[in-house]
*Asks:* 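So that we are looking at the same thing, I have put the structure below in structure tokens.
If you're wondering where the values come from, they're calculated on a predicted model, not measured in any experiment. First the proteins, then the strands, lettered A, B, ... as listed; each starts at 1.
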Amino acid sequence: MIEHQIQLKASEAFNSLYSASLQPSEISVQKTRKEFEGDYTINVFPFLKISRQSPEDTAVRIGNFITENMPELQSYNVIKGFLNLTIDQSFWIGFIDAEINDDSFGTVQQLSDKPVVIEFSSPNTNKPLHLGHVRNNLIGSSLAEILRASGHRVVKVNLVNDRGIHICKSMLAWQKWFEGKTPEDAQVKGDKLVGDCYVEFDKRLRQEVESLMQQGLEREEAEKKSLLMAEAREMLMHWEANDPKVRKLWANMNGWVYEGFDQTYKRLGIDFDKVYYESDTFLLGKSIVDEGLRNGKLFRKDDGSVWADLTNEGLDEKLLLRADGTSVYMTQDLGTAQLRHDEYDPEKLLYVVGNEQNYHFDVLKLILAKLGRKWADNIIHVSYGMVELPQGKMKSREGTVVDADDLMDQMYITAENMARELGKADELSSKESEKLFETISQGALKFFILRVDPKKNMLFNPEESIDFNGHTGPFIQYTYARIRSLLKKAEERGHLVDNPTDPGEVLPKEIEILKLLYGYPSVIHNAAKDLNPALVAGYAYELSREYNQFYQEVNILREADTMKAVFRLRMSLFTARVIASTMGLLGIDVPEKM
RNA sequence: GGUCGCGUAGCUCAAUUGGAUAGAGCAGCAGCCUUCUAAGCUGCCGGUUCUGGGUUCGAGUCCCGGCGCGAUCACCA
């Protein structure tokens, strides 16, 4: 990479001119800001102590040295302490000619057999997927693609939270108030039906608690005394004891939920290499807790409950087994971590889980370390922010949860209406237009979510539908479709884009695009390093914007000079490929026409 | 209350990890389709980067105090 070569020459310059001993990596080479002349910039301020000269003099001397010793450099200029280097245009043209036929441009061959195991989605089987899950799924799925592109072997796993007290609540509700109802005869998706059961339980439980409170009990007391809760707890014990009747109902209801989830995943374009079920891993978790008890790393209280003492680590005591012997969230997470380690011997174990669980993952790592698992260090919590509504957090009680299926339906309708208004669907068969509306609406939704830094909370306003213009997925898809159309016309007119041509003088706008294209590999690299798909999204947008400006300002097919025309077509082709690649990393399709 | 995180244009987000005059989109206003797709392009408007101090050649970014918002500290997951 040219940045590295500049670093190399710059360190040589400092070392020979000022007898310093700088490593190339100590010199940061940045892209020159647009308002200045040049392609790459070295800031010499940090090195004034070495040069013992003014910023300007230092920059000039280094600039002279580099320009003389690097044939790719055309010229340089100095403004204050900033040394701006201009690369000869032949370098950029050569770059296109060298890379245009490389379909995997930007990606790296697999470096190691040890996989990165990435967990995402991790739904509960008591409610349908909502917007928060959508963010989780999109981040996880995109990160998997980005990591793969940057040379990692990736294993995508899902951990379904299919057992526990909350699942018993929906089961109980179904027995009591939904008996006999199935998704088929209720004409709803299975996950929706089970979700309704859970909501019903919650409603009845609140009624019970309130009536107990009217009899004079404190809330906490009332919750303990609740008969419904007692029944749920009892059901959980029967479940853990393998009671065939409870297990059958459980398998049945979870089956409904999985069918519903599968539809949602499929539409979102999400899939997994392996699905774990908490019901399969909690026993392993329990056995790890037993082991910890035996070797004295954990302790048992008088009521029989088992705890980890983390007071020395500055935290609290943490429950691992209830007094009745049933397990909690942390228990099974110990089990799944162990299982994944044993099965894959992974390079890293990634967990895409919301930032509300930061504490949980700190604790998980500490307990695993306490239990002697050295690989606890390989666990990385990819902590992402919440999706908030204008009123704040989504709350099922207040009915403000944005359902994933509903949202995708709405997006589709918006895309369809807009396309029809613009006359985009006029020449398409109904099948083609359905595909187009789906591509565009999914592109809008996914880009809307992935363009935001995962670490940050983000806002979704259901009142204003997600944009299809401006800084959006459809904008990028449109740019792609435009180029495809352009290339098709070029082919019809007999332009051959396979062979390099000499375009003569290249326009600044063209250099701008070439520089962006050249930078794609490092975009992937950085996105993988920071676990941040937003870097890819930002790049895709910037590239598209630059291209659209170029398209609007400059003649391509209309250019009389064939050499220039072919060069611009080749650049367009390359841009389209890179756009398609970036969108692929985000899980977004690009249409040939729109 | 303890811990962690956040605060940038009316709104939604950026800012090359301490670098040059803080940038985009939306919204608003004014323009551009007999010529390669107008889901596009051009221009205008919009900022005390919550606040007060500090560190240094340089701070939206780092440190300390304050204010505001959120998460968490569950025998929920």
Side-chain angles (χ1 to χ4, degrees), chain A residues 28-36 41 43 45-46 48 55 79-82 84 122 124 126 161 163-167 169 233 278 303 305 307 314-316 319-324 326-330 332-333 354-360 362 383 385-386 388 390 392-393 415 418-419 421-422 424 440 444 448 451-453 455-461 464 466-479 481-490 493 519 522 526 530 534-535 538 541-542 544-545 548-559 565 568-569 572 593-594:
Chain A
S28 76
V29 175
Q30 302 167 344
K31 276 190 184 166
T32 304
R33 297 181 64 123
K34 283 224 181 90
E35 54 270 34
F36 299 98
T41 294
N43 181 346
F45 271 111
L48 298 184
I79 300 169
K80 292 195 271 181
F82 295 90
N84 301 319
S122 316
N124 289 342
N126 64 345
N161 182 234
R163 44 137 272 125
I165 191 79
H166 54 298
I167 308 296
K169 290 178 184 175
R233 279 195 297 269
E278 211 187 288
D303 65 356
S305 54
W307 300 73
L315 301 176
D316 233 334
L319 178 87
L320 295 176
L321 287 179
R322 297 190 185 97
D324 64 9
T326 55
S327 60
V328 293
Y329 180 43
M330 185 62 75
Q332 67 81 22
D333 245 10
N355 62 11
E356 55 197 354
Q357 293 193 37
N358 287 352
Y359 178 71
H360 172 79
D362 289 347
S383 164
M386 299 291 100
E388 285 166 354
K393 243 189 134 176
M418 198 168 290
E421 249 172 60
L422 294 168
K424 298 285 187 179
I440 292 171
F448 174 80
R451 83 181 178 99
V452 182
D453 185 337
K455 290 190 288 293
K456 296 187 177 170
N457 289 354
M458 63 178 289
L459 191 120
F460 173 76
N461 188 348
E464 305 164 14
I466 292 174
D467 265 319
F468 288 73
N469 298 313
H471 191 172
T472 66
F475 172 90
I476 298 166
Q477 290 173 319
Y478 177 72
T479 310
R482 234 182 187 181
I483 297 176
R484 297 303 305 167
S485 156
L486 183 66
L487 291 169
K488 215 169 136 199
K489 289 224 164 84
R493 295 183 194 182
S522 61
N526 290 334
D530 293 351
L535 297 179
Y541 173 66
E542 198 184 348
S544 300
R545 198 167 40 115
N548 276 328
Q549 290 167 2
F550 164 71
Y551 180 94
Q552 210 85 25
E553 285 168 19
V554 179
N555 291 333
I556 302 171
L557 278 179
R558 289 186 296 250
E559 169 61 51
R568 287 172 190 164
L569 286 167
S572 301
K593 252 172 124 176
M594 78 181 265

*Asks:* If the P atom of B/A20 is compared with that of B/C26, how far apart are they to the nearest Å?
*Replies:*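 Their P atoms lie roughly 26 Å apart.
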*Asks:* Using whole Å, report how far CD of A/Glu388 lies from C1' of B/A71.
*Replies:*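 That distance rounds to 9 Å.
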*Asks:* In this structure, how many angstroms lie between the P atom of B/A71 and the CG atom of A/Asp362, rounded?
*Replies:*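 Answer to the nearest Å: 18 Å.
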*Asks:* Between P on B/U37 and CG on A/Leu487, what's the gap in Å once rounded to a whole number?
*Replies:*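 Nearest whole value for this atom pair: 11 Å.
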*Asks:* Please tell me if A/Tyr478 has a side-chain N or O lying less than 4.0 Å from either OP1 or OP2 of B/A39.
*Replies:*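 Looking at the OP1 and OP2 atoms of B/A39, one of them is under 4.0 Å from a side-chain N or O of A/Tyr478.
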*Asks:* Write down the distance separating the C1' atoms in B/G60 and B/U51, rounded off to the nearest Å.
*Replies:*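 That atom pair is separated by 14 Å.
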*Asks:* Give the rounded distance in Å between these two atoms: CG of A/Asn358 and P of B/C73.
*Replies:*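 Distance check: A/Asn358 CG to B/C73 P gives 11 Å.
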*Asks:* Nearest whole angstrom, please: distance from the P of B/G10 to the CG of A/Asn461.
*Replies:*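 Whole-Å distance recorded here is 18 Å.
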*Asks:* Please determine, for B/C4, whether a Watson-Crick or G-U wobble partner exists with both distances under 3.5 Å, and give it or none.
*Replies:*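 Its partner is B/G70 (Watson-Crick or G-U wobble, both distances under 3.5 Å).
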*Asks:* Over how many whole Å does the gap from A/Met418 atom CE to B/U37 atom C1' extend?
*Replies:*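 Spelled out: CE on A/Met418 to C1' on B/U37 is 17 Å.
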*Asks:* Within the structure, does a side-chain N or O atom of A/Lys488 lie under 4.0 Å from either OP1 or OP2 of B/U37?
*Replies:*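 No, no such contact exists.
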*Asks:* Using a 4.0 Å heavy-atom cut-off to protein, can you give one letter per nucleotide of nucleotides 18-30 of chain B, 5' to 3': B if the base is in contact, S if only the sugar-phosphate is, - if neither?
*Replies:* -BBS-SSSS----
*Asks:* What pairs with A/Leu315 under side chain to side chain contact (heavy atoms under 4.5 Å, CB included), at least two apart in sequence or on another chain?
*Replies:*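 Partners of A/Leu315 under the side chain to side chain contact (heavy atoms under 4.5 Å, CB included) test: A/Leu310, A/Tyr359, A/Val363, A/Leu366.
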*Asks:* Send over the distance from A/Asn124 CG to B/C76 C1', rounded to a whole Å.
*Replies:*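 One finds 9 Å between C1' of B/C76 and CG of A/Asn124, rounded.
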